[in-house]
Peer 1: 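Here you go, one structure.
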Amino acid sequence: MALAKNFNPQEAENKWYNYWVEKGYFHSTPNEKPAYTIVIPPPNVTGVLHMGHALNNSVQDVLIRYAKLNGYNTCWVPGTDHASIATEAKVVAMLREKGIDKNTLSRDEFLSYAWEWKEKYGGIILQQLKKLGCALDWNRTAFTMDADYYRAVIDVFIDLYKKGHIYRGVKMINWDPKAKTALSDEEVNHKEVNSELVYVRYFMEDDSAESITIATVRPETILGDAAVCVHPNDERYKHLVGRYCLVPLINRRIPIIADEYIDIEFGTGCLKVTPAHDINDYNLGLKHSLPVIDTLNEDGTMSEAAQLYVSLDRFEVRKQIVQDLQAKGHIVKIEAYTNQVGFSERTDVVIEPRLSMQWWCKMESMAKPALEVVMKDEIKFYPPKFKNTYRHWMENIKDWCISRQLRWGHRIPAWYDEQGQFVIAATEAEAIEIYQQHFPDKEVPTTLRQDEDVLDTWFSSWLWPLEVFGWNQQKEKNRELDYYYPTATLVTAPEIIFFWVARMIMAGLEYRKQIPFQQVYFTGIVRDKQGRKMSKSLGNSPDLLKMIDDFGADAVRFGVLIASPAGNDLLFDESGCEQGKIFGNKIWNALKLLQILNEKERSTEAPGSEAFASVWFAQRLAEVRAEVDQDIREFKLSEALKKVYSLIWDDYCSWYLEWIKTAQDQPIQANQIEKANMYFEELMKLLHPFMPFITEEIYHQIRERAEGDDLVITQFSKATSPDADILSQGELLKRIITAIRDVRVKQNLKPKDSITLYLPEAHKQNLEAIEGILQKQCFAEAIVYITGSVPDSVSFVVGNLSCYLTSAREIDHSKQIEELQKELTYLQGFLESVNKKLNNEKFVANAKPEVIAGEEKKRNDALEKIRVIQESLTLLSA
RNA sequence: GGGAGCAUAGCUCAGCUGGUUCAGAGCAUCUGCCUUACAAGCAGAGGGUCCGCGGUUCGAACCCGUGUGCUCCCACCA
């Protein structure tokens, strides 16, 4: 059957993926083999495949498939994260389009819309991962709000509450006025913004001729001021401390206090203190017992407490209050100023520090052991530099704000009575029971009101490696957990080291007394050609599905992986995919050639000296396999891929196949062609983790396969260690061929102009093995071993071999002389430097013996080469 | 403000415990080839004060110091 001119990725990819799944090749159950487990970092259920996913999941797929080739029982668990804020935002937007206001819906109504939405659109990303070829065990697909998972989260909350880790408290939190929810510190991004620093004069209460001037970038918060603060040592203001001034526009009376927190140098050295809207001010307020005047509503508009501008948006007020202050003569000056402002990671609106009652989780006691396992390398971080980052965070860890004012998520299992007394329980019935025990004097309520808030998404994700194996349902003798946990490798982005990685470690140690994974590989950040981070907001993230359509999934994987050095950022460029596609085509063409060779008549005669090709290639294969193994262990996937690429393109196609190829009408030696097939098969195994589809296709094209003989589940043949002598003979062969081709180009000899090749007699033993191939590849009429030099020839040096060739065509002596002269100059310089070293007493005294021996060998080789070149030059100029 | 990292060919990067057969690879460039697997190819070639400066050493791309430029993380200075 004639093969198609080119490989058709689309067709093959769909075919093979469905086939693999049908055969259940990705499904794992515990058995006697060692396990190699990865749990996917669950993408948001609302997510769409982007470059970050492509990188992250390609890497995981390589690891999984490679482990499978090495005989592991591999298990890669897929799933999605309910992503409360992101998903809720999408559902709210969807409702708005339908003309429905979230606030008019009951909780249950809203949730039913959300679930409906999730069922319809959620998990698109999982389908996209199939396109990419990911060998995920779909039978295990998990979701962080599955019933069992939900229960696990609630149980953990209850457990931590009982242990005293969880408490309720009023604190300054990051408030997202758009999502109307609290955010943890990690969900706030600080950006530099151009603002105005407004200098505002506050008049003294007792003497309107006196005033004090403060500087602020948030003039709208003036209405919530509780004090003005100066440094106790600031001579300028000493006389004002203890007196009162008036808040502009509303003339509320506030004290002037002193505190060492103040930076005398900054602004005017006076700080307006607004405890409700700034964390530092809040702390100052606590210290000085100042009232908290909350002038903001939860949507970012001004509250009644502000007295003015009520229900106007904060930014609108900022503009307007400056005008009003100006009109009343309160503005001293306005300066341009750049400062850091917090933005919501999810909604990208400016965060307001806001005081509110939230649920908190104490971190310190859990952080300690979690820090230790990383510092002791029980969990290994790649690259290790992230250990530092991790340590810094863990040593300065703060309590975790775990409540969110959302509906989509795990509802906090706190139950309140009319007076706001609460108990913690999974269900209302249990809550009532506990309530009775806690408050024996109180009347038994018939109903309790459950907390309206849900838990931070990460409060569920941190259980991921445990709960995907049914931890909460069966804590003891859980066969799955015992077998798959701890997982082997976590592949994730460095930006969620605190959100997720650290917390999974804590949860694993807290609930299983075991680390959740043995190693963590942090991939780089994907950037575009200009080095900008790929992001939705910049719109510089390419459309992956379109790329898969254009290039094929194998090519996209190639493009992503070839550009991802271990631990560095990845500068993504479509040209990598182009290269991958071309590579696929190259492999396809190699297959076509193999097919032609396979259809040839087979000779059973003993192979000639071209048999060296097979012997040599076996060594190269062994060599590269070892290197690739090492690279993959160290997550140097781009290096590994480059090596396989070169092994296939250069060693197999450009050298090996050319060496074993016979002329069109000539038969091929039976063993040789069988070996060529076998090597190709081995190459497909080696490449399979990177490019699974084309390799499977080729595997089946090489020969008819029995049922179930598929590349995806095959294993590597036994590794052998390469023979260094044969490898160096192969190198020599390549170098001589290249040198002769070079001579041909420089001497204007056509590739097929016949030549006679002269090689040094002294190396005959070494050269004889490669002589047959050499002759064929160089179109040499004859190979002659000589001891001296050859008149009227072109000489060239390969390593320490002096070679000559003659041709019926005329040799351009001037060019040859020029070449030799250049070589000679270099060698003389080289020799000089070697001699300098060897004549240096200190070098001889200090250097290792093998280094000295090496230098001596260099000297002798150089001397020999110089002798040969000079001899040739004499001959030529004669 | 604190911490981490990077700087090697036009571009993206390798260069392990310091030793000129280590200054490398892939793209890109140039030259010659429609050689019957592949022009998405084949063959060959050119290209680098290894960021500047100083030091350690017999010897530095590699170690130390310093300067410059870039990146990332953390951090509440109005």
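Per chain, numbering begins at 1; letters A, B, ... match sequence-line order.
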Peer 1: Roughly how many Å apart are B:C72 and B:C16, using the C1' atom of each and rounding to a whole number?
Peer 2: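 Each nucleotide's C1' atom is 26 Å from the other's.
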Peer 1: Relative to the ring of A:Phe266, is the ring of A:Tyr337 parallel (under 30°), tilted (30 to 60°) or perpendicular (over 60°)?
Peer 2: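 Perpendicular: the ring planes of A:Tyr337 and A:Phe266 meet at over 60°.
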Peer 1: Please report the distance, rounded to the nearest Å, between CZ in A:Arg741 and P in B:U35.
Peer 2: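 One finds 16 Å between P of B:U35 and CZ of A:Arg741, rounded.
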Peer 1: Can you check the A:Leu284 CG to B:C77 P distance for me, whole Å?
Peer 2: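 Going from CG in A:Leu284 over to P in B:C77 covers 15 Å.
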Peer 1: Could you tell me whether the side chain of A:Asp281 reaches within less than 4.5 Å of the side chain of A:Leu271, counting heavy atoms only?
Peer 2: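 When only atoms from C-beta onward are counted, A:Asp281 and A:Leu271 do touch, with a gap below 4.5 Å.
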Peer 1: What's A:Thr389 touching, base or sugar-phosphate or nothing? Going by heavy atoms closer than 4.0 Å.
Peer 2: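 Here A:Thr389 touches the backbone only, sparing every base.
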Peer 1: Closest approach to the side chain of A:Trp649, judged atom by atom: which nucleotide of B:G41, B:C77, B:U36 is it?
Peer 2: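 For A:Trp649, the side-chain atoms sit closest to B:G41.
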Peer 1: Just N and O in the side chain of A:Trp655: are any of them under 4.0 Å from OP1 or OP2 of B:A43?
Peer 2: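 For B:A43, OP1/OP2 do not have a side-chain N/O of A:Trp655 under 4.0 Å.
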Peer 1: In the strands shown, is B:U57 matched to any nucleotide by a Watson-Crick or G-U wobble pair with both distances under 3.5 Å, and which?
Peer 2: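 Per the H-bond distance test, none.
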Peer 1: Using a heavy-atom cut-off of under 4.0 Å over every strand shown, decide if A:Tyr645 touches base, sugar-phosphate, or nothing.
Peer 2: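 The residue A:Tyr645 makes sugar-phosphate contact but no base contact.
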Peer 1: Identify which nucleotide among B:G44, B:G15, B:C76 has an atom closest to any side-chain atom of A:Lys636, counting heavy atoms from C-beta outward.
Peer 2: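 Looking only at side-chain atoms, A:Lys636 lies closest to B:G15.
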Peer 1: In whole Å, measure the gap between the C1' atoms of B:G67 and B:A7 for me.
Peer 2: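 Pairwise C1' distance, B:G67 against B:A7, rounds to 14 Å.
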Peer 1: Test your reading of the model: is there a side-chain donor-acceptor pair from A:Lys776 to the backbone of A:Lys661, 3.5 Å cut-off?
Peer 2: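 Yes, A:Lys776 side chain to A:Lys661 backbone: donor-acceptor pair under 3.5 Å.
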Peer 1: Return the nucleotide paired to B:G69: Watson-Crick means purine N1 to pyrimidine N3 with N6-O4 or O6-N4, wobble means G-U with N1-O2 and O6-N3, both under 3.5 Å.
Peer 2: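 B:G69 is paired with B:C6.
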Peer 1: Is A:Tyr282 close enough to B:C76 that one of its side-chain N or O atoms is under 4.0 Å from OP1 or OP2 there?
Peer 2: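 No, A:Tyr282 has no side-chain N/O under 4.0 Å of OP1/OP2 on B:C76.
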Peer 1: Which nucleotide wins on minimum distance to the side chain of A:His392, given the candidates B:A78, B:C27, B:C74?
Peer 2: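 Of B:A78, B:C27, B:C74, B:C74 is nearest to the side chain of A:His392.
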Peer 1: Out of B:U36, B:A37, B:A40, which nucleotide sits closest to the side chain of A:Gln664?
Peer 2: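 Closest nucleotide among those given: B:U36.
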Peer 1: Looking at B:A37, does its base get a donor-acceptor pair with the side chain of A:Glu658 below 3.5 Å?
Peer 2: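 Yes, a donor-acceptor pair under 3.5 Å.
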Peer 1: From the set B:U36, B:A40, B:A37, return the single nucleotide nearest to any side-chain atom of A:Lys592.
Peer 2: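 Minimum distance to the A:Lys592 side chain belongs to B:A37.
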Peer 1: Quantified in whole Å, what is the P atom distance between nucleotide B:A28 and nucleotide B:C11?
Peer 2: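 Those two atoms are separated by 15 Å.
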Peer 1: Quickly work out the A:Asp651 CG to B:A25 P distance and round it to whole Å.
Peer 2: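 Result: 14 Å.
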Peer 1: Tell me if the aromatic rings of A:Tyr382 and A:Phe635 count as close, with their centers under 6.0 Å from one another.
Peer 2: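 Between A:Phe635 and A:Tyr382, which both carry aromatic rings, the centre distance is below 6.0 Å.
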Peer 1: Taking atom C1' in both B:C74 and B:G26, what distance in whole Å separates the two?
Peer 2: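 One C1' to the other, the span is 36 Å.
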Peer 1: What is the pairing partner of B:A23, taking Watson-Crick or G-U wobble pairs with both distances under 3.5 Å in any strand?
Peer 2: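 Pairing partner, where one exists within any strand: none, as none qualifies.
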Peer 1: Quote, to the nearest angstrom, the C1' distance that separates B:C63 from B:U56.
Peer 2: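 These two C1' atoms come out 8 Å apart once rounded.
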Peer 1: So which nucleotide does B:G1 pair with, by the Watson-Crick or G-U wobble rule with both distances under 3.5 Å?
Peer 2: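 Pairing partner: B:C74.
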Peer 1: Counting neighbours of CZ on A:Arg633 that are heavy atoms of other residues, nucleotides or ligands and sit closer than 6.0 Å, is the number greater than 12?
Peer 2: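 Not buried by this count: 12 neighbours or fewer within 6.0 Å.
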Peer 1: In this structure, how many angstroms lie between the P atom of B:U31 and the CG atom of A:Asp742, rounded?
Peer 2: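 Computing the A:Asp742:CG to B:U31:P distance gives 17 Å.
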Peer 1: How many whole angstroms separate atom CG of A:Asp550 from atom C1' of B:A40?
Peer 2: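 My rounded result for the distance is 15 Å.
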Peer 1: Tell me, with the steps shown, if A:Arg218 and A:Glu352 meet salt bridge (Lys or Arg N to Asp or Glu O under 4.0 Å).
Peer 2: CA-CA 11 Å; A:Arg218 295 195 297 161; A:Glu352 289 296 335; 3.1 Å; yes
Peer 1: Could you tell me how far apart A:Asn585 (CG) and B:A40 (C1') are, to the nearest whole angstrom?
Peer 2: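 So the CG-C1' distance, A:Asn585 to B:A40, works out to 5 Å.
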Peer 1: What closest approach, in Å, do A:Gln672 and A:Tyr656 show between heavy atoms, and which atom pair accounts for it?
Peer 2: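 For A:Gln672 and A:Tyr656, the tightest heavy-atom pair comes out as O-OH, 3.9 Å.
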Peer 1: When you look at A:Asp651 and A:Lys734, which way does the salt bridge (Lys or Arg N to Asp or Glu O under 4.0 Å) test go after all the steps?
Peer 2: CA-CA 10 Å; A:Asp651 293 297; A:Lys734 291 200 260 183; 2.9 Å; yes
Peer 1: B:A37, B:C76, B:A78: which one has an atom nearest the side-chain heavy atoms of A:Thr216?
Peer 2: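 So the side chain of A:Thr216 is nearest to B:A78.
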Peer 1: Would you say the side chains of A:Tyr261 and A:Asn283 form a donor-acceptor pair under 3.5 Å?
Peer 2: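 No, A:Asn283 and A:Tyr261 have no side-chain donor paired with an acceptor closer than 3.5 Å.
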Peer 1: Which residue lies toward the 5' end of RNA chain B, A:Gln340 or A:Phe266, if each is placed at its nearest nucleotide?
Peer 2: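 On the 5' side of the pair lies A:Gln340.
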Peer 1: Write down the distance separating the C1' atoms in B:G46 and B:G59, rounded off to the nearest Å.
Peer 2: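 Looking at atom C1' only, B:G46 and B:G59 are 30 Å apart.
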Peer 1: Classify the nucleic acid contact of A:Ser654 as base, sugar-phosphate or nothing, counting any heavy atom under 4.0 Å across all strands shown.
Peer 2: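 Here A:Ser654 touches the backbone only, sparing every base.
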Peer 1: Mind checking the P distance from B:A9 to B:G24? Whole angstroms is fine.
Peer 2: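 About 13 Å, rounded to a whole number of Å.
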Peer 1: Taking donor-acceptor contacts at under 3.5 Å, does the side chain of A:Lys586 reach the base of B:C38?
Peer 2: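 It does, because a donor-acceptor pair links the side chain of A:Lys586 to the base of B:C38 below 3.5 Å.
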Peer 1: Please give the distance between the C1' atoms of B:C50 and B:G41 as a whole number of Å.
Peer 2: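 Result for the C1' pair: 34 Å, nearest Å.
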Peer 1: Toward the 5' end of RNA chain B, which comes first, A:Asp278 or A:Ile596, by nearest nucleotide?
Peer 2: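 Whichever sits nearer the 5' end wins; that is A:Ile596.
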Peer 1: Counting the atoms with a prime plus P, OP1 and OP2 as sugar-phosphate, which does A:Gly580 contact under 4.0 Å by heavy atoms, base, sugar-phosphate, or nothing?
Peer 2: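 The answer is nothing, as A:Gly580 stays clear of every strand by at least 4.0 Å.
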Peer 1: Figure out the CZ/P separation between A:Phe498 and B:C74, and round it to whole Å.
Peer 2: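 Answer to the nearest Å: 6 Å.
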Peer 1: To the side chain of A:Leu593, which of B:A14, B:A37, B:C76 is closest?
Peer 2: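 Side chain of A:Leu593 sits closest to B:A37.
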Peer 1: Please give the nucleotide sitting opposite B:C42 as a Watson-Crick or G-U wobble pair, both distances under 3.5 Å, or none.
Peer 2: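 B:C42 is paired, partner B:G32.
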Peer 1: Quick check for you: among B:C77, B:C27, B:A4, whose closest atom lies nearest to any side-chain atom of A:Lys385?
Peer 2: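 Taking heavy atoms from C-beta onward, the closest nucleotide is B:A4.
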Peer 1: What contact category does A:Lys272 fall into here, base, sugar-phosphate, or nothing, at under 4.0 angstrom with non-hydrogen atoms?
Peer 2: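 Since no nucleic acid heavy atom lies under 4.0 Å of A:Lys272, the category is nothing.
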Peer 1: Using the side-chain heavy atoms of A:Asn388, tell me which of these nucleotides is nearest: B:A4, B:C13, B:U36.
Peer 2: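 Of all the options, the side chain of A:Asn388 is nearest to B:A4.
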Peer 1: Let's go through A:Phe690 and A:Phe558 carefully: what are the C-alpha distance in whole Å and the side-chain angles of both, what is the deciding distance for side chain to side chain contact (heavy atoms under 4.5 Å, CB included) to 0.1 Å, and is it a yes or a no?
Peer 2: CA-CA 7 Å; A:Phe690 302 93; A:Phe558 181 97; over 6 Å; no
Peer 1: Would you say A:Lys387 reaches B:C73's phosphate, i.e. side-chain N/O to OP1/OP2 under 4.0 Å?
Peer 2: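 Answer no for this pair, as no side-chain N or O of A:Lys387 is under 4.0 Å from OP1 or OP2.
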Peer 1: Base, sugar-phosphate, or nothing: which does A:Tyr199 touch, judged by heavy atoms less than 4.0 Å apart?
Peer 2: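 No contact.
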Peer 1: Under 4.0 Å between any heavy atoms, over every strand shown, what does A:Asn280 touch: base, sugar-phosphate, or nothing? Just pick one.
Peer 2: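 Base, at least one base atom sits under 4.0 Å.
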Peer 1: Atom CG of A:Leu561 to atom P of B:U12: distance rounded to whole Å?
Peer 2: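 Whole-Å distance recorded here is 20 Å.
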Peer 1: Let's see if you can work this out: which of B:A37, B:C77, B:A43 has an atom nearest to the side-chain heavy atoms of A:Asp263?
Peer 2: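 From the listed options, B:C77 comes nearest.
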Peer 1: Using only side-chain N and O atoms of A:Thr738, determine if any of them is under 4.0 Å from OP1 or OP2 of B:G44.
Peer 2: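 The answer is yes; a side-chain N or O of A:Thr738 sits under 4.0 Å from OP1 or OP2.
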Peer 1: Applying a 4.0 Å non-hydrogen cut-off, can you work out what A:Asn339 is touching in the nucleic acid: base, sugar-phosphate, or nothing?
Peer 2: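 Counting heavy atoms under 4.0 Å across all strands, the contact made by A:Asn339 is with sugar-phosphate only.
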